[in-house]
Undergrad: 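The following block contains the structure, expressed as structure tokens.
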Amino acid sequence: MIDYNKLRVRIHLDNLRHNYRLFTKIHDRVIPVIKSDAYGHGLVEVASALEKDGADTFAVGFVHEAAKLRRAGCDKRILALLGPISDEDIQSLWTDRILTPISHWAQLRRVLAASEQNGPLDIGLKFDTGMRRLGFLPEEAGEVAALLKGGNVTPVMATSHLARADEPGREKDVALQARRFQAALDGLAGAGFVVEANLANSAGGMVHENCRMDSMRLGIGLYGCDPLEGAGEERLPGKLLPAMEVTAPVMQVHPLKRGESISYGWTFTAERDAMVAIVGVGYADNYSRALSNRGEMVLHGRRVPIRGRVCMQMTAVDVTELMGEGIEVLPGDEAWLLGGPGEHPVTPEDLAEWGNTITYEAFCLLGQNRREYV
Ligand SMILES: *Cc1c(COP(=O)(O)O)cnc(C)c1O
């Protein structure tokens with residue numbers, strides 16, 4: 001958590017809950033993905049909010065993040081998507097009751113060895129259907145099942161991840177992964193293991209019928225973004241709402257005369273007499289330097305463009321128009337880096353586009369600043 005700055009991240013838990021409920025209307029079992037501190041929205045806070053809407057499983061990343069959620073008092077099923085890495089992780093599967101997908105032979109052997117001391121354990125199995133990151137190959141499913149048959153380590157879930165579910169026109173690639181996943185499920189079924197089939201992410205669960213299966217993993221949609229830029233949202237019975245807003249204070253306001261340049265490198269020169277506000281945010285606060293001369297903020301309900309380079313803890317915005325209309329901008333005013341009042345709040349999609357990234361990264365980075373819940 002970054003604590004050396006004046007940023008405030010406001011999380012609207014009611015909007016998160018609204019987004020979750022929208023997905024439960026189109027899917028029977030929605031697993032909120034709250035890895036990486038709930039994409040910067042807060043692991044424990046988000047989990048407790050969604051429990052009120054009936055979420056019965058939460059997906060996180062590494063096993064120790066799952067253990068943290070368990071030890072914070074969460075009593076639901078917790079799925080650690082990334083699998084056990086250390087001996088401590090493996091022990092935690094029993095002591096903290098963590099479900100995790102096992103993705104390769106050496107890992108499986110370690111879990112089997114540990115089960116001799118610790119007793120029975122339910123596990124998941126991860127299959128690599130095309131991402132080429134983690135997982136058994138679908139054709140290994142029969143062999144894995146044969147090894148587990150009759151033992152005290154039982155597969156209860158099979159999972160895989162889609163590479164191109166959020167790209168329009170890539171139905172064939174998605175279908176190929178769904179077919180490979182089905183082959184893995186068939187391999188397990190051949191040995192008598194009928195497991196919870198879990199393939200779709202947000203995009204998959206919204207638009208790809210062949211990926212719905214028993215449960216879906218809801219990440220970015222939960223935080224209010226449509227990974228399909230509108231094509232996904234139209235399948236939902238309502239609008240997704242943004243859950244994160246971020247503000248920083250104005251520090252000083254002054255003129256920038258025609259011909260004067262501003263900030264490191266003098267990359268912006270005023271073409272006419274202007275007024276600038278210096279806002280107390282920079283790249284040390286995970287506000288990307290890529291936003292230099294590209295991004296915008298919201299001040300007094302209006303968009304204001306960034307002038308010159310984003311510095312470590314300061315960024316200048318042009319407030320000429322605002323002040324020309326008699327709106328006073330003063331030190332201490334709040335500038336919105338994300339969200340904001342007025343007709344044109346900064347959307348996560350805006351921030352991602354200006355910074356050459358995706359909404360996921362914008363959330364994870366800005367969410368590392370001090371949060372408050374409303
Ligand atoms: C992060 C993640 C998700 C969530 O994806 P979204 O696109 O955010 O819905 C689902 N599954 C796995 C394995 C993930 O790592």
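Whatever order the structure lists them in is the order used to number ligands and atoms, beginning at 1.
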Undergrad: Under the salt bridge (charged side-chain N to carboxylate O under 4.0 Å, His left out) rule, collect the residues that match up with R303, sequence neighbours excluded.
TA: E296, D350
Undergrad: Go through the structure and list residues passing salt bridge (charged side-chain N to carboxylate O under 4.0 Å, His left out) with R180, not counting sequence neighbours.
TA: none
Undergrad: Angle class for the F363/Y223 ring planes (parallel below 30°, perpendicular above 60°, tilted otherwise)?
TA: tilted
Undergrad: Does the pair R29/D56 count as a salt bridge with the N-to-O cut at 4.0 Å?
TA: yes
Undergrad: Just jot down the side-chain contact (heavy atoms from CB on, under 4.5 Å) partners of K257, sequence neighbours excluded, or say none.
TA: E260, D273
Undergrad: Taking any residue with a non-hydrogen atom under 4.0 angstrom from an atom of ligand 1, which ones do you get?
TA: V33, K35, Y39, L81, H161, N201, S202, R217, G219, I220, Y360
Undergrad: Counting only heavy atoms from other residues, nucleotides and ligands, does the tally under 6.0 Å from CD of E271 exceed 12?
TA: no
